[in-house]
Amino acid sequence: VQLQASGGGLVQAGGSLRLSCAGSGYTFKTYAMGWFRQAPGKEREFVGAINWSGDNTYYADSVEGRFTISRDNRKATMYLQMNSLRPEDTAVYYCAAGGGSYYLSQVKYEYWGQGTQVTVSS
């Protein structure tokens with residue numbers, strides 16, 4: 001099983017980035033997926049999640065209205081579109097498979113990607 005996160009980089013405040021998470025080695029379309037992030041010196045936190053079909057999405061209050069999660073099951077890929085980025089969004093972003101109804105709980109996710117760095121300059 002592999003989850004490959006990509007798309008991170010350096011962007012100015014107010015800018016946009018789109019992260020991708022490609023899954024392989026398991027039945028991607030049957031798993032809910034989530035995004036988490038970890039800033040330096042802080043614990044990893046929930047960013048958002050999407051159910052297996054893509055019909056339902058959930059977001060942390062801090063990103064609601066700025067970030068959008070989507071998925072393409074034909075490509076076994078999940079996306080995180082990040083707009084109006086702020087310096088406080090700077091973190092390593094991780095994608096994970098699993099969660100389901102317990103999408104807020106990190107321990108409920110079965111598979112994790114390696115993370116991609118997002119840096120937002122002021």
Side-chain angles (χ1 to χ4, degrees):
V1 174
Q2 186 173 18
L3 290 176
Q4 183 70 42
S6 62
L10 174 63
V11 62
Q12 289 188 332
S16 298
L17 279 175
R18 188 176 83 152
L19 305 185
S20 299
C21 174
S24 61
Y26 71 105
T27 309
F28 181 89
K29 64 182 180 181
T30 65
Y31 277 73
M33 301 284 293
W35 286 100
F36 292 80
R37 67 186 182 186
Q38 186 168 22
K42 295 187 177 181
E43 294 186 353
R44 190 163 58 187
E45 65 176 5
F46 172 77
V47 173
I50 188 167
N51 74 331
W52 67 273
S53 66
D55 291 339
N56 297 307
T57 53
Y58 313 91
Y59 299 96
D61 289 344
S62 58
V63 307
E64 180 80 54
R66 300 188 297 123
F67 291 11
T68 303
I69 297 174
S70 61
R71 65 189 295 163
D72 185 340
N73 286 342
R74 295 169 300 174
K75 296 182 179 180
T77 302
M78 174 180 65
Y79 305 97
L80 179 65
Q81 177 66 43
M82 304 185 294
N83 298 328
S84 302
L85 282 162
R86 305 167 180 169
E88 54 264 39
D89 294 319
T90 295
V92 176
Y93 283 71
Y94 298 90
C95 58
S101 298
Y102 304 96
Y103 56 85
L104 290 174
S105 175
Q106 297 184 40
V107 298
K108 295 296 185 180
Y109 288 81
E110 294 185 44
Y111 309 123
W112 289 83
Q114 85 291 356
T116 185
Q117 176 71 47
V118 172
T119 302
V120 184
S121 63
S122 57

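Side chains are part of it too, since the values below use all heavy atoms of this structure and drop only hydrogens, waters and symmetry mates.
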What are the two closest heavy atoms between [X] and [Y], and how far apart are they?
X	Y	result
Glu45	Gln106	N-NE2, 4.2 Å
Thr68	Tyr59	CA-OH, 3.4 Å
Thr77	Ser20	CG2-CB, 4.2 Å
Ala91	Ala39	CB-N, 3.8 Å
Arg86	Ser62	NH1-O, 4.0 Å
Val1	Gly25	CG2-O, 3.5 Å

Pairwise distance [atom1]([X]) to [atom2]([Y]) - rounded to 0.5 angstrom:
X	Y	atom1	atom2	value
Arg18	Ser70	CZ	OG	7.0 Å
Glu88	Ser122	CD	OG	10.0 Å
Ile50	Cys95	CD1	SG	12.5 Å
Leu17	Gln81	CG	CD	8.5 Å
Met33	Asn73	CE	CG	9.5 Å

- Item | Trace of the side-chain contact (heavy atoms from CB on, under 4.5 Å) decision for Asp72 with Tyr79 | CA-CA 8 Å; Asp72 185 340; Tyr79 305 97; 4.2 Å; yes
- Task: Sorted by first residue and then second, give each ring-ring contact (aromatic ring centres under 6.0 Å, His included) pair with at least one member in residues 12-36; sequence neighbours left out.
- Result: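 Pairs touching residues 12-36 that pass the test: Tyr26-Tyr31, Tyr26-Tyr111, Tyr31-Tyr111, Phe36-Phe46, Phe36-Tyr109, Phe36-Trp112.
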Is the side chain of [X] donor-acceptor paired with the backbone N or O of [Y] at a distance under 3.5 Å, no angle test?
X	Y	result
Gln114	Gln4	no
Thr30	Thr27	yes
Asn51	Asn56	yes
Asp89	Ala13	no

Going by heavy atoms in the side chains, are [X] and [Y] under 4.5 Å from each other?
X	Y	value
Gln117	Thr90	yes
Ser6	Thr116	no
Tyr94	Leu3	no

- Task: Would you please test Val63 and Arg37 for side-chain contact (heavy atoms from CB on, under 4.5 Å) and show each step?
- Result: CA-CA 12 Å; Val63 307; Arg37 67 186 182 186; 4.0 Å; yes
- Message: Do Met78 and Phe67 land in one hydrophobic cluster if side-chain heavy atoms of ILVMFWY residues count as linked below 4.5 Å?
- Response: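 As far as the 4.5 Å side-chain criterion goes, Phe67 and Met78 are connected within one cluster.
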- Transitive ILVMFWY side-chain link Tyr58 to Leu104, under 4.5 Å: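 Tyr58 and Leu104: one cluster.
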- Message: Set out, in order, the CA-CA distance, both residues' side-chain angles and the distance that settles side-chain contact (heavy atoms from CB on, under 4.5 Å) for Arg66 and Met82, then state yes or no.
- Response: CA-CA 6 Å; Arg66 300 188 297 123; Met82 304 185 294; over 6 Å; no
